[in-house]
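To start, the structure itself, in structure tokens.
To find a chain, count down the sequence lines: A is the first, B the second, and so on, and within it residues start at 1.
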Amino acid sequence: MTESHEAFEARLRRVLDVAARELPVRQIAWEEPAAMTRRRWRPGSPLGATAMLLSVVVAAVVAVFALAVLKHGGPSHSGASGGPSPAAHGNLLPTHPSRRLQQELLYIFRAQDAASRRDRACALAPPRRIAPSVSKGSPSAVLLAMLGVLRRPATGTDALPDHEQIADLWSLGAQKLYVRYIRRARWWYGAGYYVIPAGNANPSRSIPRRCYTEGAAVLRRELPMIPKALRAGVLTLEPRAVATEIYDASPHPGVCLAAWNSLGGGAGSCDISPADIASGKAFEDGSPTGLTTLYGLVPDQVATVTLDFPAAIVTRRVTHKRVSVPARSITVKAISNMFIVLQPRDGVGFPAKMIWRAANGRIIKTIRGF
Amino acid sequence: VNEAVRRPEVIIPRGAEGFGDFYRREYDRAVRLAWLLTDSRVAAEDVVQDAMTKVYRSFERVASPEPYLRRAVVNAARSRHRDERRQRERLTLLERGRAVPEARDRELLEAIGELPYRQRVVIVARYWGGWSELEIAQALGCRPGTVKSLASRALSHLRMEVDE
């Protein structure tokens, strides 16, 4: 008999608590890091004079630049960071909000949190426990126009591996899978990389609209607690934050990306919208073959993808020694709308920049800020 | 300074608690969090030392250093998580979980260990740490909607694993 959601959650808490308590923590005495000691230049030294001169020059350059930006109308703080463009997603928040935006959002989300504590229906809903529905229809015209891999006729290699059947794909959280359009885009180092279009690729479940109204009421009550400098921004941002939350939880079409090796191991995720693909945000990291791999979708016209990994300090396995990894740029071909690249070294994280090029070498797009 | 983690109602008056007090108070829990995220005691201690150093740099400027520490631990544990996962795959040795008596609970713990990193953070933070969605979103640097989505996927996956 399947245990209830509440019982399962209680078991999760118990197991994690036992595992956490298993560790005998021995507190290491805190030593002030040597690097924290601030170096001071001596005013009389030549180095001091150079530092002073440099600081004056830098300050002057910054002031001139700031004046130029002000004169030409700089961007407002809201939405100044990267993320999906408003044109693509309406007036939604960027995926990675700027610091200022986060500061304002904090108060909005806290108000929503407070509302959800009072109303159980506003809390996180348990996941669906049903097999995904399937459709014999076709994905949206936008998606088909964007991804040639979906337009090509299906072949025998597009069939899901034996260990993965449609009914088992419920863990992806998607519904209305367009089964006639499932494609194995790549077979790479012993793993298949599949593109699975879905009528609803969003695994989130929506909460009642009243939750947002309750959140807004809490926010207005707590307004005096918010620093004065932020109040106007918070109030202006609130409808946009709610719109984003509603969008995040609403059904929307897109694709799932899944990678499986022949033993059944793998990873997958959904909720990749056409806008995500167009803006270069449609990629995943996983290790279906035991090696950390980045793989993603690109539109038709992209022939090569260059990923610029910044220099990083990573920790070696076993010895745990820290080593510096130099910056590295990797260019790979996009085949069947998909690029796959091995991470230069575990721990270096996502690339700082991705460049899309057409077949003739022309730069189509440069994407930063993942 | 990550000003996004400011919490006006819990401002600790400077002078009332120095970094040393904060370190002693938070160290134990931070190491256990890192332990649940990396599966390695050595890595957990390293991660927390790194995170504490980061907090130290900004301690005087942040009103509430706890969320800052949580985010630093989650970020620092991410790379270790990958290292440790690969190492564990090779050695097929599960250091953690010996104190969990029941086989089905050990299975659940192993399944948590196999989750993608962000899903694992969400599960550990929510069910062990008791963090709110907002706090998890802050630690992961994403939107609360993303946390919901990650939690939903993680729970589905865990249910599937343990129900098999």
Atom group of Gln112(A) that falls short of 4.5 Å from chain B, counting heavy atoms:
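Neither part.
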Presence of salt bridge, Arg21(A) and Asp17(A), under 4.0 angstrom
yes
Rounded to the nearest 0.5 Å, what separation is found between the CD atom of Gln343(A) and the CZ atom of Phe309(A)?
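It is 6.0 Å, given to the nearest 0.5 Å.
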Under 3.5 Å, is there a donor-acceptor pair between the Arg240(A) and Thr244(A) side chains?
no
Looking at Glu135(B) and Ser132(B), would you say the former's side chain and the latter's main chain have a donor-acceptor pair under 3.5 Å?
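Side chain of Glu135(B) to backbone of Ser132(B), a donor-acceptor pair under 3.5 Å: yes, one is there.
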Heavy-atom distance under 4.5 Å to chain A: side chain of Val48(B), backbone, both or neither?
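Interface part for Val48(B): neither.
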Heavy-atom distances under 4.5 Å only: say whether Ile123(B) touches chain A with side chain, backbone, both or neither.
both
